[in-house]
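Structure first, commentary second.
By convention here, the first residue in the shown sequence is residue 1. A quick note: this is a predicted structure, and the numbers were derived from the prediction, not measured. The figures that follow rest on heavy atoms only: side chains count, while hydrogens, waters and symmetry mates do not.
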Amino acid sequence: MSQSERVKIAKRVAQEMSVGEVVNLGVGIPTLIPDHLGDKKVYLQSENGLLGMGPTPDKEAMNMDLISASKQPITMEAGASLFDSSDSFVMIRGGHVDMAVLGALQVDQFGEIANWAVPGKTILGVGGAMDLVAGAKRIVLASTHLAKDGSPKLVKELTFPSSGARKADMLVTEHAVFKFKESGTELIEILSDIHVDALREITGAEFSYSDQKISS
C-alpha cells in the first residue's frame with residue numbers, strides 16, 4: 001500500500017473524531033492521524049503514559065525520549081499530561097477513552113476483532129489491544145483492505161485469535177468505509193475508484209448497502 005493510501009485512511013478516520021474527545025491511537029496507520037486533524041481539538045492518549053499527543057516532530061526536533069506506544073517520535077501539545085502506564089490503563093479500563101483507533105489482522109462481519117496474534121507466528125507483545133477493545137466507548141479500525149498475502153481482512157468468521165467479545169463500530173480501508181450492526185456489515189462509503197461488485201470480490205464477508213448512499 002502506498003503512503004498516500006495510508007494517509008487517506010488516516011484522514012477519513014480523523015473525520016470521525018469529535019472536538020473534546022479522548023482518543024487512543026493504535027500502531028500502524030493510526031499513528032498518522034495526529035498530522036491530519038487540522039484545527040480539530042481532540043485529546044490523543046498514548047497508552048505508554050501521555051494525554052495530549054501532538055503531531056509528528058520535524059527530524060531536527062525529534063527526541064527519542066518522547067515516543068508513542070508505537071515507538072514513534074511524537075510531540076506534546078500545550079497542557080499535555082504525563083503519567084505511568086498503570087494510570088494510563090486505568091483510563092482505558094475505567095471507560096474514560098471515548099474512541100480507540102486500532103489496526104486489525106482480521107475483523108468478522110459483526111465487528112469482532114483479531115489484532116494481537118497470527119496463528120503459528122511469534123507473539124512479540126500483546127500491548128493494550130484487549131484492554132482497548134473492552135474499555136473504549138467506540139472502536140474504529142484503520143486497516144488495509146487485504147493482508148500482505150492477499151487475503152481479505154473483513155471475513156465472515158475469524159480464524160485468528162479474537163481480541164475480545166466487544167465489537168468494532170466501523171472499519172476504514174483504502175477502498176471503503178463499513179459500519180458493523182447486529183444484522184451484519186453495511187457499506188456506507190467508497191473511498192477509491194473501485195466498483196461495488198469488485199469490492200465484493202476482495203471482501204471475505206457479505207455486506208449490505210444503499211444505492212442512495214453509495215456512489216462508485
Side-chain angles (χ1 to χ4, degrees), residues 1-105 113-118 121-144 148 163-164 168 172:
M1 170 184 275
S2 68
Q3 184 67 6
S4 64
E5 288 179 314
R6 291 164 56 86
V7 168
K8 177 172 66 175
I9 294 172
K11 288 181 175 178
R12 180 59 184 83
V13 172
Q15 293 176 24
E16 294 297 315
M17 299 175 185
S18 299
V19 173
E21 283 189 323
V22 174
V23 179
N24 180 285
L25 301 179
V27 301
I29 294 170
T31 62
L32 301 173
I33 291 174
D35 297 334
H36 302 287
L37 285 170
D39 296 330
K40 187 183 291 184
K41 179 60 180 177
V42 299
Y43 298 92
L44 298 179
Q45 187 222 23
S46 180
E47 66 202 42
N48 58 334
L50 171 63
L51 183 63
M53 183 166 54
T56 305
D58 296 330
K59 287 186 178 178
E60 297 75 17
M62 286 183 180
N63 175 1
M64 293 310 291
D65 287 333
L66 187 61
I67 58 174
S68 69
S70 307
K71 300 181 177 60
Q72 298 297 315
I74 57 174
T75 56
M76 290 194 300
E77 295 193 323
S81 298
L82 292 167
F83 35 84
D84 64 26
S85 293
S86 59
D87 287 334
S88 189
F89 277 83
V90 166
M91 290 177 62
I92 296 168
R93 295 171 185 174
H96 305 291
V97 173
D98 296 301
M99 176 176 169
V101 185
L102 305 174
L105 297 170
I113 307 160
N115 71 346
W116 66 279
V118 177
K121 301 286 186 179
T122 302
I123 299 172
L124 297 178
V126 175
M130 295 173 186
D131 297 90
L132 287 162
V133 167
K137 295 175 184 174
R138 186 179 185 215
I139 301 170
V140 175
L141 302 177
S143 173
T144 57
K148 290 181 179 178
S163 300
V172 179

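- Asn48 contributes a side-chain N or O that, together with a main-chain N or O of Ile67, makes up a donor-acceptor pair within less than 3.5 Å.
- Taking every heavy atom of both residues into account, Gly103 and Pro30 meet most closely at N-CG, 4.3 Å.
- Side chains of Leu66 and Met76 form a contact here, defined as non-hydrogen atoms less than 4.5 Å apart.
- Between Gln45 and Ser88, the side chains place a donor N or O and an acceptor N or O closer than 3.5 Å (distance only, hydrogens not considered).
- Remark: Phe89 CZ is packed, more than 12 non-hydrogen atoms of other residues, nucleotides or ligands lying under 6.0 Å away.
- Taking the side chain as every heavy atom from C-beta outward, Leu25 and Met53 approach each other to under 4.5 Å.
- Shortest non-hydrogen contact noted between Ala142 and Ile9 is CB-CG2, 3.8 Å.
- With respect to Lys41 and Glu77, a salt bridge is recorded, a charged nitrogen being found less than 4.0 Å from a carboxylate O.
- If you take CG on Asp98 and NZ on Lys137, they are separated by 4.5 Å, rounding to the nearest 0.5 Å.
- Between Val118 and Leu105, the closest side-chain pair of non-hydrogen atoms falls below 4.5 Å.
- In terms of modelled atom types and a separation under 3.5 Å, the side chain of Lys8 and the main chain of Gln3 share no donor-acceptor contact.
- In terms of the salt bridge (Lys or Arg N to Asp or Glu O under 4.0 Å) criterion, residue partners of Arg12 (sequence neighbours excluded) are, by chain and number, Glu16, Glu189.
- When side chains are defined from C-beta on, Ile113 counts as touching Leu141, because their heavy atoms get closer than 4.5 Å.
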- Message: Could you walk me through whether Met99 and Val140 satisfy the side chain to side chain contact (heavy atoms under 4.5 Å, CB included) test, starting with their C-alpha distance in whole Å, then the side-chain angles of each, then the deciding distance to 0.1 Å, before giving a yes or no?
- Response: CA-CA 7 Å; Met99 176 176 169; Val140 175; 3.5 Å; yes

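- Here the straight-line distance linking atom CE of Met17 with atom CZ of Arg138 works out to 9.5 Å at 0.5 Å rounding.
- Note: Arg93 CZ to Asp131 CG = 4.0 Å, rounded to the nearest 0.5 Å.
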- Query: Run the side chain to side chain contact (heavy atoms under 4.5 Å, CB included) check on Leu50 and Ile74 step by step: do they pass?
  - Reply: CA-CA 10 Å; Leu50 171 63; Ile74 57 174; 3.4 Å; yes

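- Without hydrogens or angle criteria, Thr75 side chain to Pro55 main chain gives a donor-acceptor distance under 3.5 Å.
- Here the side chain of Ser163 pairs a donor or acceptor atom with the backbone of Asn115 at under 3.5 angstrom.
- Side-chain contact between Leu37 and Leu44 is present, with at least one heavy-atom pair separated by less than 4.5 Å.
- Using modelled atom types, one side-chain atom of Ser68 and one backbone atom of Ser70 make a donor-acceptor pair closer than 3.5 Å.
- Counting non-hydrogen atoms of neighbouring residues, nucleotides and ligands closer than 6.0 angstrom, the CE atom of Met91 exceeds 12 such neighbours.
- Judged by distance alone, with hydrogens and angles left aside, the side-chain atoms of Ser46 form no donor-acceptor pair with the main-chain N or O of Gly49 at under 3.5 Å.
- Side-chain atoms of Val101 and Asn24, non-hydrogen and from C-beta on, never get closer than 4.5 Å to each other.
- Counting heavy atoms from C-beta on, the side chains of Phe83 and Leu51 come closer than 4.5 Å.
- For the pair Leu132 and Ile139, the minimum side-chain heavy-atom distance is 4.5 Å or more.
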- Item | side chain to side chain contact (heavy atoms under 4.5 Å, CB included) between Val13 and Ile33, intermediate numbers included | CA-CA 8 Å; Val13 172; Ile33 291 174; 3.7 Å; yes

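- Of the possible polar contacts, one joining the Asp84 side chain to the Asp87 backbone as a donor-acceptor pair under 3.5 Å is found.
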- Given Val22 and Val42, is the side chain to side chain contact (heavy atoms under 4.5 Å, CB included) satisfied, shown in steps? CA-CA 6 Å; Val22 174; Val42 299; over 6 Å; no

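- A distance-only check finds no donor-acceptor pair linking the side chain of Lys40 to the backbone of Ser18 [under 3.5 Å].
- Residues Pro73 and Pro57 come closest through the heavy atom pair O-CD, 3.4 Å.
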